[in-house]
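Presented below is the structure to which this report refers.
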Amino acid sequence: MYDDKFLPKLSQNLLEILEDNDFYDITIEVGNDPYVKIFHAHMVILNYRSPYLRRILSTNIIEKKNDGTLTHIKLPNISPEIFQMVLRYIYGGRLSLEEYDTSDIIKILVASSELSLQELITHLQLYLIENKKNWMEQNFNLIYQTSFENDSFLKLQNFCSELMSKEPEKIFNSIDFTSLSEKSMIVFIQHDSFQKNAIQVWEHVLKWGVAQNPELPSDPSSYSKDDFNVLKNTLQHLIPFIKFFILNHKEFLDKVYRYKKILPKDLRDNLIKHFIDQSNNNPEPSITMELGYMTISRQKNTSIVKDYNIVVDEMNDFIYKVANEVLDSRLAILKVNEYFSIHNISAQETYNWLLNNQISTNSIFLLGYFNFYGIITSTNNAKAFDLFINASENNHALAQFFVGCCYEYGYGTIKNEKLSFEYYEKAANKNYAKAQLNIGYNYRNGLGIKQNFKKAFYWYEKAAKNGNITAIYNLGYCYKHGIGIEKDYNKAFESYKQSAERGDSDGIMMLGYFYDKGIGIKIDKQKAFELYRNASNLGNKEAQYFLALMYEKGD
């Protein structure tokens, strides 16, 4: 029988090692100027406690320095204060969360993800859900943005999905509701729980739109033509998802009509005609559903018979295509929801049909996809993994790719980089670009396979030719740094240009950098400024830094 009473002393001794400045063999530079701090640490402990740091240490050339350290690594994305907390956990296995503000716990969670501290990631998510539920509801935007920016935060993603489904009013009443991004707003207002009350959705969309433009007058009756145009431009991507046609005559007249100038002309004309007919008590009113700017009318009690076999096959083709066009899972989910809306397909009905009709490889995969991303149902990675395995045995390329994802990150199964590589390779050999991208990444970093830069470049190139945006960017990186290919700044420039044209913020930022420094192209500070600004508006932090430098220097 093991006795745990000795563990506190062991933890204390390890923390004493951390604080001892005599025997360290690694220096870690944390933060960005002017907030940078150097930490002393020990390779053997970091190597076994953090998979991320293990990968960094394994790829660094170990050289003995004059000061006695073995290597120096940088972690610019973590603040010194947060890293100190995480480092004490790495050494001592303890973290007293009661001492920290909730916002700091969120930062610790993000840092833990970067360092691949899976045990701590799980613990922090459970702690937040069990002890900070009210705080997270009040700061929903922060939690939503944080959780869906990282595929490791599945418990927080599930918390957000549950809140959206069961208590959507709490999101609208959160203190940071108006700071939600446009993409997040589109996701929310399409959710079934929000669609039940169209007038509430409209009022909150208006509230959000006005908050994005604080210069607008407080009284809508005093809006000028320019004011209406400002609000129209802000809400142009949200309005198509509001079900105006299910409002009653009074709701439309009291709440919507005064804002008619912000509605697209064809939608406005159809609405006015519809509610005039409604007010005249038309005995055979048409039921009209607004899907984008396309209006589909049908008489009451007229049913539309769907062939779900066709729906499932088309959804598979759509998901296959989306994977090459979007850069994160949150946007992929948004695209799928848009697909359901635009094609007048009920996601709930499709899910119900899938539960009872596991009759094809596509239907097996799609049910796994619903469970993996928590579409309609709660996220269930174990169930998704089983379904993906089932479909992959019939050579389903998408399923093989997702099995690779599950093995890579430990979703619903044990983490296994070798098996992850094998399944990615199966999908890559079927010419699936996203899998080819991941194979390139694995070769480049030696994950599940021996490191090979030439093969990394080969797979990046194949993925790029098949239209994968990230692979196009990675080719530019390879040409710039000579990874698997000779350095060629002209080809690097062309790759970054193609990436930028496809909307990749990293590609836009690097294209700006090349114009800024005259790499592969003549120096053009004005062009660099515009590109940095465009990437900054997309949330690219590195572009924001370079943009700040240009302002500082007056470039």
Side-chain angles (χ1 to χ4, degrees), residues 149 181-183 186 233 236-237 292 317-336 338-339 342 428 431-441 444 456-547 549-550 555:
E149 282 174 357
S181 69
E182 182 185 70
K183 292 177 183 176
I186 291 174
N233 290 333
Q236 62 179 319
H237 296 129
D317 292 341
F318 180 74
I319 292 168
Y320 190 101
K321 181 171 178 273
V322 160
N324 285 331
E325 296 179 348
V326 302
L327 302 177
D328 61 65
S329 59
R330 183 176 53 179
L331 188 54
I333 297 170
L334 173 61
K335 290 281 188 182
V336 170
E338 285 180 354
Y339 181 92
I342 290 171
N431 218 30
Y432 184 46
K434 193 72 176 287
Q436 292 169 340
L437 167 72
N438 286 17
I439 285 290
Y441 180 83
R444 178 176 159 188
F457 179 84
Y458 168 82
W459 284 107
Y460 283 155
E461 190 172 41
K462 285 182 74 72
K465 287 178 179 177
N466 285 321
N468 186 272
I469 301 173
T470 306
I472 296 170
Y473 172 84
N474 286 358
L475 276 185
Y477 186 89
C478 289
Y479 279 121
K480 180 177 184 290
H481 297 280
I483 297 176
I485 193 75
E486 289 186 8
K487 286 184 180 181
D488 189 325
Y489 291 142
N490 291 328
K491 289 185 177 180
F493 175 84
E494 288 302 320
S495 292
Y496 286 138
K497 183 180 178 183
Q498 290 179 39
S499 175
E501 289 170 348
R502 298 285 294 275
D504 180 11
S505 68
D506 288 328
I508 297 170
M509 185 278 297
M510 284 305 302
L511 191 62
Y513 183 81
F514 272 43
Y515 275 112
D516 190 7
K517 306 301 180 182
I519 303 174
I521 192 73
K522 185 179 178 181
I523 289 178
D524 187 333
K525 294 291 184 179
Q526 183 62 40
K527 187 72 174 177
F529 177 85
E530 292 170 0
L531 289 163
Y532 285 152
R533 183 173 58 188
N534 291 342
S536 295
N537 291 337
L538 292 171
N540 189 288
K541 294 180 180 178
E542 198 167 357
Q544 292 166 358
Y545 170 76
F546 284 120
L547 187 64
L549 286 181
M550 294 196 82
D555 287 340

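Residue numbers start at 1 and run along the sequence shown.
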Could you report the tightest heavy-atom contact between [X] and [Y], atom names first, then the distance?
{"X": "Gly476", "Y": "Ala492", "answer": "O-CB, 3.5 Å"}
{"X": "Ala543", "Y": "Ala535", "answer": "CB-CB, 3.5 Å"}
{"X": "Ala471", "Y": "Ala463", "answer": "CB-CB, 3.5 Å"}
{"X": "Ile439", "Y": "Ala428", "answer": "CG1-CB, 3.9 Å"}

Check: Arg502 side chain, Gly467 main-chain N or O, donor-acceptor pair, under 3.5 Å: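 Yes, Arg502 side chain to Gly467 backbone: donor-acceptor pair under 3.5 Å.
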
Ser499 (side chain) donor-acceptor with Ser495 (main chain) under 3.5 angstrom: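 Not at all, since once roles are kept as given, no pair shorter than 3.5 Å links the two residues.
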
Ring geometry between Phe514 and Tyr489 (parallel below 30°, tilted from 30 to 60°, perpendicular above 60°):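 Judged by the thresholds at 30° and 60°, the geometry between Tyr489 and Phe514 is perpendicular.
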
Nearest 0.5 Å, please: how far is [atom2] in [Y] from [atom1] in [X]?
{"X": "Asn474", "Y": "Trp459", "atom1": "CG", "atom2": "CH2", "value": "15.0 Å"}
{"X": "Asn466", "Y": "Glu461", "atom1": "CG", "atom2": "CD", "value": "11.0 Å"}
{"X": "Glu542", "Y": "Asp506", "atom1": "CD", "atom2": "CG", "value": "7.5 Å"}
{"X": "Asn537", "Y": "Gln544", "atom1": "CG", "atom2": "CD", "value": "8.5 Å"}
{"X": "Lys487", "Y": "Lys480", "atom1": "NZ", "atom2": "NZ", "value": "8.0 Å"}

With side chains defined as the heavy atoms from C-beta onward, is the minimum distance between [X] and [Y] less than 4.5 Å?
{"X": "Glu494", "Y": "Lys497", "answer": "yes"}
{"X": "Lys525", "Y": "Asp516", "answer": "yes"}
{"X": "Asp504", "Y": "Thr470", "answer": "no"}
{"X": "Phe546", "Y": "Met550", "answer": "no"}
{"X": "Phe493", "Y": "Leu511", "answer": "yes"}
{"X": "Asn540", "Y": "Ile508", "answer": "no"}
{"X": "Leu437", "Y": "Tyr441", "answer": "no"}

Ring center gap for Tyr479 and Phe457 short of 6.0 angstrom: yes

Sub-6.0 Å ring centroid separation between Tyr473 and Tyr496: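 Close enough - the centres of the two rings lie under 6.0 Å apart.
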
Residues which pass ring pair (Phe, Tyr, Trp, His ring centres under 6.0 Å) with Tyr460, listed by chain and number, not counting sequence neighbours: none

Tyr458: ring pair (Phe, Tyr, Trp, His ring centres under 6.0 Å) partners, not counting sequence neighbours: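 If we apply the ring pair (Phe, Tyr, Trp, His ring centres under 6.0 Å) test to Tyr458, skipping adjacent residues, there are no hits.
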
Pair Lys541-Tyr545, side chain to side chain contact (heavy atoms under 4.5 Å, CB included): steps then yes or no: CA-CA 6 Å; Lys541 294 180 180 178; Tyr545 170 76; over 6 Å; no

Residues Asn468 and Gln436: side-chain donor-acceptor under 3.5 angstrom: no

Derivation of the side chain to side chain contact (heavy atoms under 4.5 Å, CB included) call for Glu530 and Tyr515: CA-CA 10 Å; Glu530 292 170 0; Tyr515 275 112; over 6 Å; no

